[in-house]
Amino acid sequence: MLKIGVLASHTGTNFQAIADACLTGELKASTALLICNNSRAGVMDKAARAGVPAVHLSSTTNPDPAELDQAICQTLEDHDVELVVTAGYMKKLGPAVLHRFHNRIINIHPSLLPKHGGAGFYGTRVHEAVLRAGEAMAGATVHLVNEDYDRGDILLQETLPVKSSDTAESLAARLRPIEHQLLIDAIKLFIDGRSADYEKS
């Protein structure tokens, strides 16, 4: 059974979607670990309720970036994680993690990348950018993670029509269930080995 490690920073709705899919059997996987850079984040409570081990690792616990990178990598290895999912994780991953889990780290982003991605584009900022641009379609993307924000190879995308009445908040709310399912579908691809973009090592 595939062991998933999730990195998150805030409320953790994507974490909850993954944990629920593992529990119901929709995913033939287990949520082996949560790593969070914010000890007070809501996702920590979600992990506790789901019985998932949760570890706080941040510049508070490891002020040196290289040591933090190694600590994250070692913690993932200690829990036998095979697939890493960054879900609302607000920090760049370091070279140790990127090398150890090459092509086994995926991220969900709430836009149709490459539009509205990169540094500074997160949360409602993404949806505000979509609305400012007057775009007819919004969407979500699952992509592989590399050293640049939101620049890894795209694995899956799904679109959502923008309504004239949409605000950033309403667009985010309508897109959230799409994000959850898209992320689960991407994990299924990894499990089933149907995606040539994954290199299992």
Side-chain angles (χ1 to χ4, degrees), residues 1-12 14-15 17-19 22 27 29-44 46-48 50 52-110 113-114 117-123 141-156 179 183-184 186-191 193 195-201:
M1 183 175 288
L2 181 76
K3 291 189 176 182
I4 301 170
V6 180
L7 278 69
S9 296
H10 296 302
T11 58
N14 282 308
F15 167 85
I18 293 170
C22 290
L27 286 175
S30 63
T31 313
L33 172 69
L34 168 73
I35 293 176
C36 184
N37 64 308
N38 179 0
S39 62
R40 298 182 179 180
V43 69
M44 296 289 277
K46 287 182 172 65
V52 174
V55 179
H56 169 225
L57 291 172
S58 69
S59 57
T60 300
T61 62
N62 299 82
D64 180 78
E67 290 181 3
L68 176 59
D69 180 27
Q70 290 292 341
I72 292 172
C73 190
Q74 188 62 55
T75 303
L76 291 167
E77 290 181 338
D78 288 346
H79 288 79
D80 299 319
V81 167
E82 299 165 89
L83 177 67
V84 179
V85 179
T86 59
Y89 186 63
M90 304 305 294
K91 301 292 182 181
K92 267 190 177 182
L93 294 177
V97 174
L98 291 173
H99 176 74
R100 176 65 180 83
F101 295 93
H102 177 66
N103 276 1
R104 291 188 289 135
I105 309 171
I106 62 174
N107 178 60
I108 181 78
H109 185 77
L113 292 175
F121 281 101
Y122 58 87
T141 304
V142 178
H143 65 94
L144 291 171
V145 173
N146 60 21
E147 64 274 8
D148 297 316
Y149 283 122
D150 305 325
R151 293 293 182 89
D153 291 347
I154 291 172
L155 301 177
L156 293 174
E179 290 182 54
L183 190 53
I184 290 168
I187 295 170
K188 287 178 180 177
L189 286 179
F190 187 91
I191 293 170
S195 175
D197 293 305
Y198 291 117
E199 295 176 4
K200 298 177 182 177
S201 60

_To the closest 0.5 Å, what do you measure between CG (L57) and CG (N38)?_
12.5 Å
*asked:* If I take atom CZ from residue F15 and atom CG from residue L34, how far apart are they, to the nearest 0.5 angstrom?
replied: 5.0 Å
_Heavy-atom closest pair, residues G5 and L76_ = CA-CD2, 4.5 Å
*Check whether any side-chain heavy atom of D153 lies under 4.5 Å from a side-chain heavy atom of N103, and answer yes or no.*
no
*Going through the checks in order, is the side-chain hydrogen bond (donor to acceptor under 3.5 Å, both in side chains) test met by T86 and N107?*
CA-CA 5 Å; T86 59; N107 178 60; 2.9 Å; yes
*With a 4.5 Å heavy-atom cut-off, do F190 and I106 have their side chains touching?*
no
*Contact list for residues 62-74, test side chain to side chain donor-acceptor pair (under 3.5 Å), sequence neighbours left out*: Q74-D78
*So, R104 side chain and E82 main chain: donor-acceptor pair closer than 3.5 Å or not?*
yes
*Taking atom NZ of K91 as the centre, report whether more than 12 heavy atoms of other residues, nucleotides or ligands fall under 6.0 Å from it.*
no
*Mind checking the CG-CG spacing from D80 to L2? Nearest 0.5 Å is all I need.*
11.5 Å
*Any donor and acceptor pair, going by atom type alone, linking the side chain of K92 with main-chain N or O of Y149 inside 3.5 Å?*
no
*asked:* Let me confirm one number: the OG1-CG distance from T141 to L156, rounded to the nearest 0.5 Å.
replied: 9.5 Å
*side-chain contact (heavy atoms from CB on, under 4.5 Å) between K3 and S30: does it pass, once the steps are laid out?*
CA-CA 5 Å; K3 291 189 176 182; S30 63; 3.7 Å; yes
*asked:* Walk me through whether V85 and I18 qualify under side-chain contact (heavy atoms from CB on, under 4.5 Å).
replied: CA-CA 10 Å; V85 179; I18 293 170; 3.9 Å; yes
*What pair of heavy atoms forms the shortest contact from E179 to P110, and how long is it?*
OE2-CB, 3.8 Å
_If we check side-chain contact (heavy atoms from CB on, under 4.5 Å) with Y89, which of these qualifies: V43, V84, N14, N37?_
N37
_So which atom in A19 and which in T31 form the shortest heavy-atom distance, rounded to 0.1 Å?_
CA-OG1, 3.5 Å
*How long is the gap from NE2 on H109 to NE2 on H143, to the nearest 0.5 Å?*
7.0 Å
*Looking only at non-hydrogen atoms, find the nearest pair between L83 and V81 and report the distance.*
O-CG1, 3.3 Å
*Between I4 and C22, what is the shortest heavy-atom contact and its length?*
CD1-SG, 4.3 Å
*Can you measure from CD1 (I191) to CG (L27) and round to the nearest 0.5 angstrom?*
5.0 Å
*Min side-chain heavy-atom separation L155-L189 under 4.5 Å*: no
*Minimal non-hydrogen separation, A54 against M44, with atom names*: CB-SD, 4.0 Å
*For E77, all residues meeting salt bridge (Lys or Arg N to Asp or Glu O under 4.0 Å), sequence neighbours excluded*: R100
